[in-house]
Amino acid sequence: MLDERHIGDGKVLLLAGGGKIFTDIAARFVRSERELEDIAASPYSREIVRNILSSGHRAALEFDWFLFGVEGFSRVTEVQLVRKRHASYLIKSGRAELKGKRRFSVAWPRSVADFSAEVTLPGGGRARLSGRDLADLSRQWYEAGLAQGLPEEDLRYLKPQATTFKAIIGMNAHALLDWFAIRCCRNAQAEIRDLAWKMLRLCRKAAPDLFAGAGPSCVGLGYCPENALQNAACRGRILTKEEALAILRQRERAEGMADPAVFNGPGSEET
């Protein structure tokens, strides 16, 4: 039987991270003249962490590491997830022989599961099949292959991308802030955005000083860097980068202090 889940049903567990924060200690090591033992014994400084975040010099954030367990997300999201290279992943094998005990789990939008279309069968007959029907046919074919002794590492070639994965993910705080900026955005695909927000909520709870201002790019920048690609739901509510720059230029002109070298780079209409 098909084990069906929908977008939003995926689980995220914070396995490690938070508690003692090392970002402030890392920053002290490169600035303080004190002995190493004294630096390590220093009380935690929220102010140092805030200064690092506001300055944009985030190298010290790479010494705080967070480890997550995830399950119930599709292989579609797995492919997008591992594009973030400043991270570590250990993903459950799809080729290990489980002797038919592997669950055929899928995660997908309800619209895809319910959508049906008329298709031509190999024998020439016609049938109307839903996304759920197609996935269940794949499951039956897969289980028949197992019964015939075909290796799972070969059978998996025809498993749909909707099948789920289970993984451990490790990222430092710097990588997480970069990842949240992209994947918490409304332009991100729904499932990976759901994963990102679940991870962010756990991070905010475990280390509020590190992630107080975390989220999509517009949260940290104050404008949307997507410009023409800005999500429709954000238009008119959040300034694009181009709109923000236009306001700055207008203000500088009004004050009579416009400096073309500051605002107009190569190729600008103004010289």
Side-chain angles (χ1 to χ4, degrees), residues 6-12 14 46 49-58 61 66 68 70 72-74 76-77 79-81 83-84 86-87 107-112 115 169 171 173-260 262-265 267-270:
H6 298 99
I7 304 305
D9 292 342
K11 297 179 182 178
V12 181
L14 181 64
R46 176 177 297 173
V49 172
R50 288 176 174 173
N51 288 340
I52 288 171
L53 290 170
S54 63
S55 70
H57 299 293
R58 296 182 171 183
L61 293 166
F66 294 79
F68 306 88
V70 305
F73 295 89
S74 74
V76 172
T77 287
V79 171
Q80 296 180 75
L81 175 67
R83 289 176 186 160
K84 179 61 177 177
H86 295 291
W108 49 18
R110 293 181 186 273
S111 58
V112 171
F115 172 72
I169 305 167
M171 290 192 201
H174 190 174
L176 280 166
L177 288 173
D178 291 344
W179 194 72
F180 291 146
I182 298 170
R183 296 305 189 183
C184 288
C185 174
R186 288 182 182 273
N187 274 348
Q189 192 168 8
E191 189 178 29
I192 199 165
R193 185 167 179 257
D194 175 63
L195 170 61
W197 275 105
K198 285 175 177 174
M199 290 169 63
L200 176 53
R201 291 184 190 105
L202 291 171
C203 286
R204 282 176 174 169
K205 185 175 181 180
D209 293 336
L210 291 179
F211 297 99
S217 294
C218 57
V219 171
L221 297 174
Y223 60 81
C224 173
E226 299 280 340
N227 289 320
L229 298 178
Q230 185 182 44
N231 188 275
C234 301
R235 290 173 191 159
R237 297 176 50 248
I238 301 171
L239 290 175
T240 65
K241 180 179 179 179
E242 292 172 347
E243 290 169 340
L245 284 174
I247 291 172
L248 285 174
R249 292 189 185 104
Q250 184 178 16
R251 178 178 176 181
E252 290 297 321
R253 291 191 189 100
E255 294 178 358
M257 298 186 300
D259 182 355
V262 174
F263 292 112
N264 303 311
S268 171
E269 294 179 359
E270 297 184 40

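The chain is numbered in sequence order, starting from 1.
- In this structure Q230 satisfies the side-chain hydrogen bond (donor to acceptor under 3.5 Å, both in side chains) test with no other residue, sequence neighbours excluded.
- Under the 3.5 Å distance criterion, the side-chain polar atoms of K84 are left unmatched by any main-chain donor or acceptor of L176.
- Considering all non-hydrogen atoms of both residues, A214 and V219 come closest at O-CG1, 4.3 Å.
- When all heavy atoms of A173 and F66 are compared, the closest pair comes out as CB-CE1, 4.2 Å.
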Next item on the list: Could you go through the side-chain contact (heavy atoms from CB on, under 4.5 Å) check for C184 and F180 one step at a time?
Entry: CA-CA 5 Å; C184 288; F180 291 146; 4.0 Å; yes

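- When all heavy atoms of W197 and P216 are compared, the pair lying nearest together is CZ2-CD, 3.8 Å.
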Next item on the list: Please test F73 against V70 for side-chain contact (heavy atoms from CB on, under 4.5 Å), starting from the C-alpha separation and ending with a verdict.
Entry: CA-CA 8 Å; F73 295 89; V70 305; 4.3 Å; yes

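- At least one donor-acceptor pair closer than 3.5 Å links the side chain of S55 to the backbone N or O of N51.
- The two residues I7 and P109 come nearest to each other via the heavy atoms CG1-N, 3.6 Å.
- Between atom CZ of residue R193 and atom OG1 of residue T77 there is a gap of 13.0 Å, rounded to the nearest 0.5 Å.
- The minimum heavy-atom distance between C234 and R186, with the atom names listed, is SG-CD, 3.4 Å.
- Checked against side-chain contact (heavy atoms from CB on, under 4.5 Å), D9 has the following partners two or more places apart in sequence or in another chain: R5, H6.
- By the side-chain hydrogen bond (donor to acceptor under 3.5 Å, both in side chains) test, N231 is found to be paired with N187, residues two or more places apart in sequence or in another chain being considered.
- Other residues, nucleotides and ligands contribute more than 12 heavy atoms inside 6.0 Å of the CD atom of E243.
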Let me have the donor-acceptor pairs involving side chains of residues 221-229, under 3.5 Å, with sequence neighbours excluded, atom names and distances please.
unit_1 : atom_1 : unit_2 : atom_2 : d
N227   : OD1    : K241   : N      : 3.2
N227   : OD1    : E242   : N      : 3.0

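- Evaluation of the side-chain hydrogen bond (donor to acceptor under 3.5 Å, both in side chains) rule for R251 yields E255 as partners, not counting sequence neighbours.
- One finds the CE atom of M171 at 9.5 Å from the SG atom of C203 (value rounded to the nearest 0.5 Å).
- In this structure, I169 CD1 and L81 CG are separated by 4.5 Å, a value rounded to the nearest 0.5 Å.
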Next item on the list: Would you check, one step at a time, whether the test side-chain contact (heavy atoms from CB on, under 4.5 Å) holds for M199 with W179?
Entry: CA-CA 10 Å; M199 290 169 63; W179 194 72; 3.6 Å; yes

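- Shortest non-hydrogen contact noted between G8 and D194 is CA-OD2, 3.5 Å.
- Applying the salt bridge (charged side-chain N to carboxylate O under 4.0 Å, His left out) rule to pairs touching residues 199-220 yields R46-D209, sequence neighbours excluded.
- Separating the CZ atom in R183 from the CG atom in L195 is a distance of 9.5 Å, to the nearest 0.5 Å.
- Checking side-chain atoms of E191 against main-chain N and O of S74 turns up a donor-acceptor pair under 3.5 Å.
- Once rounded to the nearest 0.5 Å, the distance linking CZ of R58 with CG of L53 reads 6.0 Å.
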